[in-house]
Amino acid sequence: MNAEEPRLAVIGAGPAGLAAALAAAGRGVRVTLVDSAEAPGGQFYRQPSAGLGARRPEALHHQWRTWRRLREGLDQYIAAGRVGHRADHHVWCVEREPEGFTVHALLGPEQEKPAVVHADAVLLATGGYEKVLPFPGWTLPGVVTAGGAQAMLKGGLVVSGRTAVVAGTGPLLLPVATGLAGAGVTVAALVESADPKALVRRAGALAGRADKLAEGAGYARELLRRRVRTLVRHTVVEAHGTDRLTAVTVAALDAEGRVRPGTERRTPCDTLAVGHGMLPHTDLAEALGCRIIGPNVHVDEEQRTDVPGVWAAGETTGIGGAALALAEGHIAGRSAAARLRGRDPDPREWAAAAKSRAALRGFFATLDSVYAPPAHWTEQVTDATVVCRCEEVTAGAVREAVGELGAGDVRTVKLLTRAGMGWCQGRVCGPAVAGIAGCPESVGRRPFARPVPLGVLADQNGDQAEAR
């Protein structure tokens with residue numbers, strides 16, 4: 001490998017990162033793929049550990065052929081020395097320098113030993129995380145996020161109980177409920193707060209992606225075959241139990257998104273998998289100074305951010321699933337490769353990916369307008385309900401900060417209550433605190449994307465392993 005070849009650091013080895021790495025490596029760029037997981041694939045292509053001896057891991061996935069193609073391409077480029085894969089590297093900062101970028105990471109499960117990657121450009125494919133909204137009892141053992149239940153099943157071949165309720169809103173609920181049922185869990189109910197009739201009213205906007213509609217219909221058929229009760233325009237208002245979850249109370253919603261009195265019903269279960277959509281990981285982009293519009297990193301038609309030398313692709317630029325992430329990653333990788341080699345890219349080279357990207361963005365924009373949390377979800381959150389789990393801040397404390405202490409924004413609520421000052425730095429509780437406070441969510445620009453040992457910070461100019 002020529003030492004003078006341009007170097008690209010791709011952060012994240014999910015669908016977007018893999019597509020970008022393969023596209024760039026195939027066009028004369030030396031790629032370092034940096035990822036926090038032990039194996040590539042991200043959440044969507046999460047694989048069980050080899051030690052578990054899974055005989056048919058493809059049974060837990062769809063688009064398996066796409067995954068095999070990506071994995072085989074990655075293995076070939078690694079063997080050829082075109083790509084360096086750095087697993088168990090937890091990136092906490094990307095530093096801009098006069099001649100490029102330095103990616104700072106912490107190694108292994110303990111995240112105490114530092115490592116750096118030097119590159120001429122950076123491509124952010126950091127994915128997304130689940131939006132979690134609180135309700136009474138949500139901190140009980142047995143209550144997990146929908147994505148968490150899916151991750152346990154895909155990565156560990158385990159489930160958190162034998163009788164489950166899957167609840168919240170969004171397309172993710174369908175594969176989660178189907179996967180749990182297929183693993184032998186009794187799914188007592190699928191509780192969706194949105195109204196599927198709204199999808200029918202938007203049929204024209206959705207018709208361009210018949211494959212996605214067919215995928216959803218397939219999940220629905222499987223749940224019907226397994227006799228899973230589906231409750232639409234319903235929500236979980238409370239989880240019950242002492243040492244762990246024993247039941248949930250579900251209620252119907254009216255047209256305004258309020259609970260209809262008298263419709264409450266109690267359902268016994270030992271697992272509640274709940275999710276209210278996804279949010280993009282933007283910490284690294286924010287620290288680099290990239291423009292953020294709403295919750296998403298802003299990019300142009302080449303997936304470039306407004307910071308020179310920084311591209312972004314996948315969920316970090318807007319939640320839209322694996323197919324959209326693959327299209328964006330492919331475009332970003334081709335663009336980065338061309339510009340790193342000193343030429344203007346030709347958009348005709350990725351015309352098919354651009355067409356897919358446009359269609360999928362429109363499709364998911366329509367879904368977002370349908371699958372929104374109930375408008376009045378905060379009315380079911382009692383004052384005693386813990387909102388910030390890290391700092392054990394209750395909804396009552398947040399309301400007091402606004403009503404009695406005069407807080408008018410999320411930052412002031414944070415200063416008065418410590419909500420968002422814990423380990424997650426508000427990533428989990430941020431939307432909930434904002435909703436209960438009645439304040440708009442704000443983008444908090446943090447210098448670090450994760451907690452960093454003081455010893456690592458003190459030794460920034462000392463010996464650090466470089467991942468090449």
Side-chain angles (χ1 to χ4, degrees), residues 6-21 23-24 27 29 31-35 42 91-105 117-129 278-320 324-345 347 349-350 353-354 357-358 360-361 364-365 427 442-450:
R7 300 167 301 173
L8 175 67
V10 177
I11 302 174
L18 290 172
R27 287 157 184 82
V29 171
V31 176
T32 302
L33 183 61
V34 187
D35 192 47
V91 177
W92 57 271
C93 178
V94 179
E95 186 178 8
R96 294 177 66 186
E97 296 179 338
E99 297 183 356
F101 297 84
T102 299
V103 177
H104 296 274
V117 173
H118 297 294
D120 301 302
V122 171
L123 197 156
L124 304 174
T126 47
Y129 62 100
M278 300 281 292
L279 293 169
H281 271 300
T282 60
D283 292 338
L284 295 176
E286 291 164 15
L288 280 165
C290 300
R291 184 183 180 193
I292 310 293
I293 297 181
N296 308 323
V297 178
H298 175 70
V299 292
D300 66 9
E301 290 301 304
E302 295 182 30
Q303 299 294 139
R304 294 180 298 175
T305 72
D306 58 346
V307 175
V310 180
W311 282 255
E315 309 281 44
T316 192
T317 67
I319 303 302
L324 177 56
L326 288 169
E328 291 185 350
H330 181 77
I331 293 168
R334 279 179 171 262
S335 169
R339 294 197 176 276
L340 282 171
R341 297 187 68 83
R343 67 175 181 86
D344 290 333
E349 295 179 357
W350 61 69
R357 178 181 63 183
L360 285 165
R361 283 179 176 174
F364 281 98
R427 294 169 183 82
S442 58
V443 175
R445 187 169 175 178
R446 307 177 182 92
F448 307 146
R450 63 178 62 247

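- Residues W311 and R304 come closest through the heavy atom pair NE1-CG, 3.1 Å.
- Among all heavy-atom pairs drawn from A9 and V117, the shortest one is CB-CG1, 4.3 Å.
- V297 pairs with exactly one of L288, T282, L124 by the side chain to side chain contact (heavy atoms under 4.5 Å, CB included) rule, that one being T282.
- A pairwise comparison of heavy atoms in I319 and P280 identifies CD1-N, 3.9 Å as the closest pair.
- Within the 4.5 Å cutoff, no side-chain heavy atoms of V10 are placed close to those of T32.
- With hydrogens and angles disregarded, no donor-acceptor distance shorter than 3.5 Å links the side chain of R343 to the backbone of R339.
- Comment: R7 engages D120 in a salt bridge, judged by a side-chain N to carboxylate O separation of less than 4.0 angstrom.
- H281 and Y129 have their aromatic ring centers within a separation under 6.0 angstrom.
- Side-chain atoms of D300 come within 3.5 Å of backbone atoms of E302 as a donor-acceptor pair (strictly under, hydrogens ignored).
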- Should L8 and V122 be marked as a side-chain contact (heavy atoms from CB on, under 4.5 Å) after you check the CA-CA gap, both sets of side-chain angles, and the distance that decides it? CA-CA 6 Å; L8 175 67; V122 171; 5.7 Å; no
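- The shortest heavy-atom contact between A21 and L33 is CB-CD1, 4.4 Å.
- Interatomic distance, L279 CG to R427 CZ, rounded to the nearest 0.5 Å: 12.0 Å.
- Taken from CZ in R291 to CD1 in I293, the straight-line distance is 3.5 Å, to the nearest 0.5 Å.
- Between R357 and E328 no salt bridge is recorded (no basic side-chain N to carboxylate O distance below 4.0 Å).
- Under a 4.0 Å N-O distance rule, the pair R450/D283 does not qualify as a salt bridge.
- With contacts defined as side-chain heavy-atom distances shorter than 4.5 Å, the pair V91/H104 does not qualify.
- Atom CD1 of I11 and atom CG of L123 lie 9.0 Å apart (nearest 0.5 Å).
- Taking 4.5 Å as the limit, every side-chain heavy atom of H118 sits out of range of all side-chain heavy atoms of F101.
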Going through the checks in order, is the side chain to side chain donor-acceptor pair (under 3.5 Å) test met by Q303 and S335? CA-CA 8 Å; Q303 299 294 139; S335 169; over 6 Å; no
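- Under the 3.5 Å distance criterion, the side-chain polar atoms of T305 are matched with a main-chain donor or acceptor of V310.
- In this structure a side-chain-to-backbone donor-acceptor pair under 3.5 Å is missing from D306 to C290.
- Scanning all heavy atoms of the two residues, the minimum distance from G318 to N296 falls at CA-OD1, 3.5 Å.
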